[in-house]
Amino acid sequence: MKILVGISKSPDTTSKIAFTDNSTKFDENGVQYIVNPYDEWYALVRALELKETLGGTVTIVTVGAAADEAVIRKALAIGADEAVRIDADPKDAYYTAVQIAEYAKEKGFDLILTGKETINYNGSQVAGMIAESLDMPFVSLATKLDVNGSTLKLEKEYLGGIQEVEVGLPAVVSCAKGMAEQRIPNMRGIMAARTKPLTVIPAAQVDELISFTGYTMPPAKSAVKMISPDNMDELVSLLHNEAKVI
Amino acid sequence: MSVLVYINGVHGIGKNAFEAVTYGKKLGDVTVVTNGNVDDAALAKLGEYGASKILVDKSLNNADDQQLTKMIENAANQTGASTIVFVHDHIAKNVAPRLSVRLKAGLVSGAIALPDGDGTIKVNVFSGKAFGSVKVNTAKKIISLLPNSIQPENNGGSAAVESFSANAGDTKVKVLATKQPEGDIPLPEADLVVSAGRGLKGPENWGIVEDLAKALGAATACSRPVSDADWRPHHEHVGQTGIAIRPNLYIAAGISGAIQHLAGVNGSKTIVVINTDPEAPFFKAADYGVVGDAFEVLPRLTEAVKKFKASH
Ligand SMILES: Cc1cc2nc3c(=O)[nH]c(=O)nc-3n(C[C@H](O)[C@H](O)[C@H](O)COP(=O)(O)OP(=O)(O)OC[C@H]3O[C@@H](n4cnc5c(N)ncnc54)[C@H](O)[C@@H]3O)c2cc1C
């Protein structure tokens, strides 16, 4: 099985979120980047498990700058065979998805996996856009994935419940919690990752359909009002009369 | 301007659909497109919120994303719509990106407001820790609207329901089974949410959480360690790696308020925190705080809510 896994970087979850350049740019000062958790914990690890049982290869692809290679090496250390970096700033979801689709077009991948979303933009758009660009079916938010010959059997989150679906290969799948267990790279993996192939390819010419013009922070909360644990009638009355939520 | 709103009737037609139609109405003349087994009376209700026409293909059931994409594309062509609005749910998260590629239309994913004066639209970014303003660079636009972002407005209008041929092609993703929780309020749509964390000590203690939720008519949620330990189902997990919600009221009992948890809930209008530890970080993000034992405070709050409901 030939598997492609889309990887993106995202700021560590404890990063302080701030903006510069007149609130038009994310402030990268002091921000630690990690492999986007959904990509790493679920998509990549499930791809490796499939390779271990069915044979084949796992290629990771990212759209990003040279500085992102640390994140790529981490994914290689967990076990991917090779990596491709498309040398561009991943401007918007469409731009990113079309770059990946252009790369994947004639490579004959059986399965393309991504995480369900990035934790920085939470757009959940890239995988669906890759699927449409390649005219492939797409299953999102998959929590379980099994291969049966040339068919995939999946469970996916669906409007608060679970749906079981079946789809023929090739297909694009976005992966959510439940798909696999996080793997910590070991020393051997980290050593091996240094010599695994990392190919850099130039970006294709793609339009930006949207742009972010600025950022704002949520308004600061006013101070918390403390209520005695013995006076829940007061809390209910505040929720009704002051907050007006019940 | 002609606006197309896609509505799915999977859970029936409710508040989120009314929000999306209200949103569309503020931008132009609204046509709704939908499919499958939806009731005409429920569809007609969308007219009250501003839809002037409703196109429905009742023969298209269990449609996959590619079919829905084609259906919406055909409806957009037929109505000449330049803006397409979705409710930002699981279906939209699949279909809107596909449609964006097909129509080469910029997609605003997770919009939380109407366009500003300069035409940009606010979205949640960094898991709700900030807002971004999105400018769409294409003539056609797709806007996927986060639930609870706009107040539905019933203006008592009416809409004609017309049957429509989706011309959607074959299904490629075959649905084998759907397991939907019975009778529960879907968490992303809920106005009121009662949530609990590791402070509840074990799954056997969730009765007091459910009792309060029932008294309020609220949905239930939990912190990540709670769903990781299988005390509660995964779909209740809120936060940076779970779902992001923005209810009117979020009550958190026995949750410390880690930054990753707050990321998923700080869009809530009012936050109540119940915790034994007065130093718990969650109090900094709360509107109302109760320092106390959830095992005593939750049942007391449930009684107080019942008393209030009986007298109102
Ligand atoms: C990459 C990453 C992603 C993450 N994503 C998420 C996420 O999406 N969602 C999420 O929730 N977490 C997430 N976490 C985990 C997060 O950091 C916290 O560990 C988690 O939220 C803590 O859950 P908790 O508050 O239930 O438990 P704890 O932190 O153990 O807090 C329990 C609280 O209960 C209080 N308590 C104890 N007994 C009682 C009692 N009888 N009555 C009242 N209060 C009591 C304690 O004082 C304490 O404040 C993530 C972590 C990482 C590293």
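- Annotation: side chain of B:Val291 is in contact with side chain of A:Met226 (closest heavy-atom distance under 4.5 Å).
- The heavy-atom pair separating B:Leu249 from A:Leu239 by the smallest distance is CD1-CD2, 3.9 Å.
- The closest side-chain heavy-atom distance from A:Glu208 to B:Asn137 is below 4.5 Å.
- Looking at A:Ser23, neither its backbone nor its side chain comes within 4.5 Å of chain B, counting heavy atoms on both sides.
- Smallest separation of non-hydrogen atoms from B:Ala105 and A:Leu209: O-CD1, 3.7 Å.
- In this structure, B:Ser100 and A:Met129 have side chains that are in contact, with non-hydrogen atoms separated by less than 4.5 Å.
- Contact check for B:Lys309 versus A:Ile246: no side-chain heavy atoms found under the 4.5 Å cut-off.
- Nearest heavy-atom pair across B:Val290 and A:Pro229 is CG1-CA, 3.7 Å.
- Top candidate by heavy-atom pairs under 4.5 Å with chain B, chosen from A:Val165, A:Leu152, A:Ile130, is A:Val165.
- When side chains are defined from C-beta on, B:Leu107 does not count as touching A:Ile210, because their heavy atoms never get closer than 4.5 Å.
- By the 4.5 Å heavy-atom criterion applied to side chains, A:Val236 and B:Leu301 are counted as neighbours.
- Smallest separation of non-hydrogen atoms from A:Val224 and B:Ala286: CB-O, 3.4 Å.
- Side chains of A:Phe212 and B:Val123 form a contact here, defined as non-hydrogen atoms less than 4.5 Å apart.
- The backbone N or O of B:Thr241 lies less than 3.5 Å from a partner atom in the side chain of A:Tyr38, making a donor-acceptor pair.
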Item to check | salt bridge (Lys or Arg N to Asp or Glu O under 4.0 Å) between B:Asp287 and A:Lys225, intermediate numbers included | outcome: CA-CA 6 Å; B:Asp287 298 282; A:Lys225 206 175 248 183; over 6 Å; no
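- Under the 3.5 Å distance criterion, with hydrogens and angles disregarded, a donor-acceptor pair is assigned to the side chains of A:Lys177 and B:His237.
- At a heavy-atom separation below 4.5 angstrom, chain A is approached by B:Gln260, B:Ser268 within residues 260-268 of chain B.
- When the candidates A:Lys244, A:Met217, A:Glu157, A:His240 are compared by the number of heavy-atom contacts under 4.5 Å with chain B, A:His240 comes out ahead.
- Nearest heavy-atom pair, B:Arg98 versus A:Gly128, reported as atom, atom and distance to 0.1 Å: CG-O, 3.8 Å.
- Heavy-atom distances place no part of B:Lys141 under 4.5 Å from chain A, backbone and side chain included.
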In residues 106-114 of chain A, what donor-acceptor pairs under 3.5 Å come from side-chain atoms, sequence neighbours left out?
{"residue": "A:Lys107", "atom": "NZ", "partner": "A:Tyr103", "partner atom": "O", "Å": "2.8"}
{"residue": "A:Asp110", "atom": "OD2", "partner": "A:Lys2", "partner atom": "N", "Å": "2.7"}

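- Between chain A and the residues B:Asp118, B:Val95, B:Asp228, B:Val273, the most heavy-atom pairs under 4.5 angstrom are made by B:Asp228.
- Inter-residue side-chain proximity for A:Glu164 and B:Lys179 is flagged as met; some heavy-atom pair is nearer than 4.5 Å.
- Heavy atoms closer than 4.5 Å to chain B are found in both the backbone and the side chain of A:Asp135.
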Item to check | Derivation and outcome, side chain to side chain contact (heavy atoms under 4.5 Å, CB included), residues A:Ser211 and B:Val134 | outcome: CA-CA 6 Å; A:Ser211 24; B:Val134 174; over 6 Å; no
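- For chain B, the option among A:Thr24, A:Ile17, A:Thr14 with the highest count of heavy-atom pairs below 4.5 Å is A:Ile17.
- Side chain to side chain, A:Glu242 and B:Tyr288 meet the donor-acceptor criterion of an N or O pair below 3.5 Å.
- When all heavy atoms of B:Gln66 and A:Pro137 are compared, the pair lying nearest together is OE1-CA, 3.6 Å.
- Remark: A:Lys16 engages no residue in a salt bridge (charged side-chain N to carboxylate O under 4.0 Å, His left out) (not counting sequence neighbours).
- The parts of A:Ile227 that come within reach of chain B are both its backbone and its side chain, each placing non-hydrogen atoms under 4.5 angstrom from that chain.
- With a 4.5 Å cut-off on non-hydrogen atoms, A:Leu238 touches chain B through its backbone and its side chain both.
- Contact of B:Ala96 with chain A is not made at all, since no heavy-atom distance falls under 4.5 Å.
- Contacts of A:Phe138 with chain B are made by both backbone and side-chain atoms, with heavy-atom separations under 4.5 Å.
- Counting only residues at least two apart or in different chains, side chain to side chain donor-acceptor pair (under 3.5 Å) contacts with residues 291-302 of chain B comprise A:Asp230-B:Arg300.
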